[in-house]
A.B. asks: 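Take a look at this one; I'll ask things after.
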Number of protein chains: 2
Amino acid sequence: MNLKQLSAHLGLSQTTVSRALNGYPEVSETTRKRVMEAADKHNYRPNTRAKGLATGRAMAIGHVIPLSAQHEMMNPVFADFIAGAGESYSEAGYDMLLSLVADADQERAYREMAAKRNVDGLVVHAAKMRDARILLLQNTGLPFAVHGRASEITTPYNWLDVNNKSAFERATNFLLDLGHRRICLVNGQESMDFAHRRRKGYEAALAARGVEIDPALMFADEMTEIYGYDTVQRTRSLADPPTAYLASSIITAFGVRRAIEESGLKMGRDISVITHDDDLSYMRNGADVPVFTATRSSVREAGGGPGQPPGFQNQNPRAPPQTEPFLAEVTVGRPTRPPPHTVV
Amino acid sequence: MNLKQLSAHLGLSQTTVSRALNGYPEVSETTRKRVMEAADKHNYRPNTRAKGLATGRAMAIGHVIPLSAQHEMMNPVFADFIAGAGESYSEAGYDMLLSLVADADQERAYREMAAKRNVDGLVVHAAKMRDARILLLQNTGLPFAVHGRASEITTPYNWLDVNNKSAFERATNFLLDLGHRRICLVNGQESMDFAHRRRKGYEAALAARGVEIDPALMFADEMTEIYGYDTVQRTRSLADPPTAYLASSIITAFGVRRAIEESGLKMGRDISVITHDDDLSYMRNGADVPVFTATRSSVREAGGGPGQPPGFQNQNPRAPPQTEPFLAEVTVGRPTRPPPHTVV
DNA sequence: CCAAATTCCCAAAGCGCTTTGGCTGCCAGT
DNA sequence: ACTGGCAGCCAAAGCGCTTTGGGAATTTGG
């Protein structure tokens, strides 16, 4: 059933039917009601493509997920963020277009999206320090928002990020307060902006206390379970092994825990662990008693939170960009204790 | 730059330019080349909405992810499947539309999609035993493919699924061969079709050997880490506790392992664990030495494998539905051994 | 050398909607 | 009784593309 058929059926013009359905005032309430009932009865919905062509708006937001050749993977963080975003989009009547594009195709992909006009705006995931995509998008004129930040890019843009630096500074301080001095940072890849910020926070806390910043305790890689496991194994053999681990992802923290327990040590007794917790729906930190002490910030809420759709609230392109820091809160769980042989 | 401008720029009609770009034979090779170069230079891409309106095809596939009210979550399995699908779509020039719809809105959502015509077809995730969505979609006439199966629905439809029953039958046999008799099934929710099939496989193997099927050893829930952990804790206190666990998800298996090791037992020595492994990119079973013995089937490959786009290869709506079973292979890792005190 | 076929191009219709610019009829105001 | 305003409707243009149905030049065949 299309508009033509519906209006013929009602003995009205397409104009009137369209206006009735879109809430315009030029149509009497009685006919509006009649129209709406008929539309409902025949399950009429305006054709998206036609509507989009007529209005110039796609009513869709694109999400671009980078797919690196070296580390092909679908980060669970994306999944949760997208779940959050998806919910708010559907409330707002927007569709979500998912684009997985290989690193090498980034430029082509963005130009194409801008030209094809199948989205009204983009959300860029996994921001890098000096993210070429941001500069690219600024040239295309396509509105966009970044999940994360690009520290080295100074021109303004919409972003939405966790307070990574201060969260990790606090977490590190938390461990320092407990008496730890050998704290191992199990971070994400440093090309990722969040990882860089987290390291800065970690280092700032150590520096403020005059604790040595030991490169042998700082790791950066993709945040898999295995990576956490391997990192612990590698560091146990150090002359002066860490008494605490600070992980960037709960998945990695699971690996950290596995290695610790496998080596006969007890997490929370012999070794403390703090992790950043994105509050992933399938990876919840223990419900009642948190398994990990954590800096927590729900990435899912971030996806849904910033408005509908995120970053595109202001229709006015001249408006200043929106920036939204999400604050990570610290939840204290079991596995943090003073280091062994310490009198607190 | 749109078609009109481009053709004016070239001094050609829109017809000719359109045909040149779409590879029609009615245009000379020299002008085609000229057109393509100009299009390239001006970064021209046909407007998706206009093209869609003219051709009647959306060039997009929708993926519908259910969002239950009780258990709000974005399953990592979806994420990996979608990553796989996304890659093959972009090769085929299709967009991917993601729809997260709450259980209660399912009917409305599908009818709307069918009426709005913003997708050419749907992929339905998380198939249930008697999935109402399948019946619904069959009525709408919108092409669709199901990831999973709906055992109780007999009318034909496109699907793509793992050989869940035989995989779990084999896994159970594997444990039985090792001498295990008390095997705990840590399954997904039974409303999910895959969970049902897996239980059938488990039961079939036990029955074939005349081993008692003990309801106290059969669990079904959302496959979170915590669930695996809790299940082990619960079963350790049984009078005759299990000597082996058979998990439906590697995430749950991680929880199983945690509980085992936390209780001072050693996985692979005291207790055997087999898991189904969807080969999730962030949750790889150990790279060199598998951490778990597993029935493995990459859900990501499943997403990309079935064609481009999946399930919609045959343009002919009269063609028989496509069905594609993905075979899970068994990989033997450490944590399976004969039960303790057994002479093999 | 002329008709027929072929090559290469174009104008215009149409996809299904929104939106502009009316037009008609009724009522209030004077 | 006439004008102005307003409520309620409609015809038609236009969004940017594809596709139909030619039409003019060029080549081919007899």
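Below, read A as the first sequence line, B as the second, and so on, with proteins coming before strands; counting in each chain starts at 1.
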A.B. asks: Can you tell me how far C1' of D:dC9 sits from CG of A:Leu21, to the nearest Å?
C.D. replies: 15 Å

A.B. asks: Rounded off to whole Å, could you give me the CZ-to-P distance for the A:Arg34 and D:dC9 pair?
C.D. replies: 9 Å

A.B. asks: Rounded off to whole Å, could you give me the CZ-to-P distance for the A:Arg32 and D:dA7 pair?
C.D. replies: 13 Å

A.B. asks: What nucleotide among D:dG16, C:dC17, C:dT19 has an atom nearest to a side-chain atom of A:Asn2?
C.D. replies: C:dC17

A.B. asks: Between B:Thr55 and D:dC17, is there a side-chain N or O to OP1/OP2 distance below 4.0 Å?
C.D. replies: no

A.B. asks: Touch check for B:Thr15, heavy atoms < 4.0 angstrom, all strands: base, sugar-phosphate only, or nothing?
C.D. replies: base

A.B. asks: Once you round it to whole Å, what is the distance between C1' of C:dC8 and CG of B:Leu10?
C.D. replies: 15 Å

A.B. asks: If I take atom CD in residue B:Glu26 and atom P in nucleotide D:dA24, what distance separates them, rounded to the nearest angstrom?
C.D. replies: 18 Å

A.B. asks: Rounded to whole Å, please give me the gap between NZ in A:Lys116 and P in D:dC17.
C.D. replies: 13 Å

A.B. asks: Of the nucleotides C:dT18, C:dA11, D:dT18, which has the atom closest to the A:Asn22 side chain?
C.D. replies: C:dT18

A.B. asks: Are any of A:Ser18's side-chain N or O atoms less than 4.0 Å away from OP1 or OP2 of C:dT18?
C.D. replies: yes

A.B. asks: Is the phosphate of D:dG8, meaning OP1 or OP2, less than 4.0 Å from a side-chain N or O of A:Tyr24?
C.D. replies: no

A.B. asks: What's the CE-P distance between A:Met59 and C:dT18, to the nearest Å?
C.D. replies: 12 Å

A.B. asks: Choose from C:dG21, D:dC17, D:dT20 the nucleotide whose nearest atom is closest to any side-chain atom of A:Arg19.
C.D. replies: C:dG21

A.B. asks: Using only side-chain N and O atoms of B:Tyr44, determine if any of them is under 4.0 Å from OP1 or OP2 of D:dC17.
C.D. replies: yes

A.B. asks: Can you tell whether the side chains of B:Asp120 and B:Arg57 come within less than 4.0 Å, N to carboxylate O?
C.D. replies: no

A.B. asks: Out of C:dT20, D:dC17, C:dT18, which has the shortest distance to the side chain of A:Ala54?
C.D. replies: C:dT18

A.B. asks: How do A:Lys51 and B:Val27 order along DNA chain C: which one's closest nucleotide is nearer the 5' end?
C.D. replies: B:Val27

A.B. asks: Is a side-chain donor-acceptor pair under 3.5 Å present for B:His63 with B:Tyr89?
C.D. replies: yes

A.B. asks: Of the listed nucleotides (D:dC9, C:dC9, C:dT18), which one gets closest to any side-chain atom of A:Gln14?
C.D. replies: C:dT18

A.B. asks: Can you confirm whether B:Val146 sits close enough to B:Asn158 that some side-chain heavy atom of one is under 4.5 Å from a side-chain heavy atom of the other?
C.D. replies: no

A.B. asks: If you define the side chain from C-beta out and look only at heavy atoms, does anything of B:Asp193 sit under 4.5 Å from B:Lys128?
C.D. replies: no

A.B. asks: Rounding to a whole Å, what distance do you find between B:Lys4:NZ and D:dG16:P?
C.D. replies: 8 Å

A.B. asks: Just checking A:Arg117: does its CZ atom have more than 12 heavy atoms from other residues, nucleotides or ligands closer to it than 6.0 angstrom?
C.D. replies: no

A.B. asks: Looking at the side chain of A:Thr16, which of D:dC9, D:dC17, C:dA11 is the nearest nucleotide?
C.D. replies: D:dC9

A.B. asks: Rounded to the nearest 0.5 Å, what separates atom CZ in B:Arg133 from atom CD in B:Gln106?
C.D. replies: 5.5 Å

A.B. asks: Given D:dA11, C:dC10, C:dG16, identify the nucleotide with an atom nearest to the side chain of A:Asn47.
C.D. replies: C:dG16

